[in-house]
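Below is one structure; the comments refer to it alone.
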Amino acid sequence: MSHKSSAPPTSSAPLDSSREAVMARLKSTLLQEKKELEVDKIFRALVKLEGSDLHLKTGQPPMVRVRGELKPLNRPPIENEEMVDLLMPMMDDRNLLIFEQEGGADFSYQCEVDGVRWRFRINMLKALGSSRFGGAANQQLDSRLQRPVSTRIG
């Protein structure tokens, strides 16, 4: 998944679904250089601590599950505006639209830690009856061991 999203089509016409058009769009997206996001610092902390779960909830510091025990990261609580700034840039245009319309979105996210690319499965949710983030659940794939590791934001 690209972290830079292309502008949505300006007309209501459907995207060209020909093989050539799809390949050109994918090539353009896949060859974009990944911009480092602020949330990458939290994902790096999760990996370096060998955590299995990450919990991000408005009003609380990030929590990492290490060997079955939840531990707060050494940082202040995340307020709603910061949560939006941390998490929204991870989504491409398609997932932003899904999140807006349905109150949640599922997508993958990649972050490099010490030269190893880590992939996270993200499920981001709004709080019920609110415009605030409710949280997100992730599944992290340990690229070195090829084993799934559960990660949760929320």
Side-chain angles (χ1 to χ4, degrees), residues 1-17 21-49 51-65 70 72-73 75-113 116-143 146-154:
M1 174 177 129
S2 170
H3 302 293
K4 286 184 178 178
S5 49
S6 58
T10 54
S11 70
S12 59
L15 287 175
D16 182 352
S17 61
V22 170
M23 287 178 58
R25 284 193 304 272
L26 283 172
K27 183 176 181 181
S28 166
T29 302
L30 294 171
L31 293 178
Q32 288 179 352
E33 189 151 333
K34 180 189 177 291
K35 176 183 171 192
E36 173 141 341
L37 302 180
E38 191 64 27
V39 75
D40 291 355
K41 294 175 185 176
I42 298 173
F43 283 115
R44 274 199 285 286
L46 169 70
V47 171
K48 288 181 182 246
L49 292 169
S52 61
D53 296 279
L54 174 63
H55 299 259
L56 296 180
K57 188 171 183 181
T58 302
Q60 296 181 5
M63 303 288 284
V64 176
R65 185 177 308 280
L70 276 176
L73 292 180
R75 61 151 289 161
I78 301 173
E79 297 307 323
N80 196 49
E81 186 172 342
E82 182 185 9
M83 188 72 76
V84 170
D85 292 341
L86 282 171
L87 302 181
M88 297 303 281
M90 293 191 317
M91 289 188 275
D92 61 13
D93 290 338
R94 177 181 167 272
N95 285 304
L96 282 168
L97 186 60
I98 291 169
F99 185 76
E100 177 185 44
Q101 292 175 344
E102 298 181 14
D106 298 306
F107 56 96
S108 65
Y109 179 74
Q110 293 184 20
C111 176
E112 192 169 302
V113 181
V116 176
R117 186 173 293 223
W118 290 75
R119 186 170 185 224
F120 300 89
R121 180 96 178 108
I122 311 290
N123 173 272
M124 197 175 301
L125 303 169
K126 288 183 190 175
L128 288 176
S130 169
S131 61
R132 298 171 69 91
F133 274 101
N138 307 336
Q139 183 176 53
Q140 171 187 338
L141 180 64
D142 182 328
S143 58
Q146 294 300 308
R147 63 178 171 87
V149 180
S150 171
T151 307
R152 179 167 176 76
I153 301 177

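Any value given below was found using the heavy atoms of this structure, including those in side chains, with hydrogens, waters and symmetry copies removed.
- Between the side chain of Asp40 and the main chain of Leu37, a donor-acceptor pair closer than 3.5 Å is present.
- With sequence neighbours left out, Ala21 forms a side-chain contact (heavy atoms from CB on, under 4.5 Å) with Asp16, Ser18, Arg25.
- Leu73 and Pro61 make their closest contact through O-CB, 4.0 Å (heavy atoms, listed as atom of the first residue, atom of the second, distance).
- Here the closest non-hydrogen pair linking Met91 and Ala105 is SD-CB, 4.1 Å.
- Looking at Lys57, Met83, Gln60 one by one, the single match for side chain to side chain contact (heavy atoms under 4.5 Å, CB included) with Ile78 turns out to be Met83.
- Around CD of Glu100, the count of heavy atoms belonging to other residues, nucleotides or ligands within 6.0 Å does not exceed 12.
- Between Tyr109 and Val39, some side-chain heavy-atom pair lies under the 4.5 Å cut-off.
- Applying the salt bridge (charged side-chain N to carboxylate O under 4.0 Å, His left out) criterion to Arg94, with sequence neighbours excluded, gives no partner residue.
- When side chains are defined from C-beta on, Ile122 does not count as touching Leu87, because their heavy atoms never get closer than 4.5 Å.
- Of all heavy-atom pairs spanning Pro62 and Leu56, the tightest one is CB-CD2, 3.4 Å.
- Taking the side chain as every heavy atom from C-beta outward, Asp85 and Glu38 never approach each other to under 4.5 Å.
- In this structure, the side-chain hydrogen bond (donor to acceptor under 3.5 Å, both in side chains) partners of Glu36, at least two apart in sequence or on a different chain, are Arg44.
- Across all their heavy atoms, Gly51 and Val64 have their closest contact at CA-CG1, 3.8 Å.
- The closest side-chain heavy-atom distance from Phe43 to Trp118 is not below 4.5 Å.
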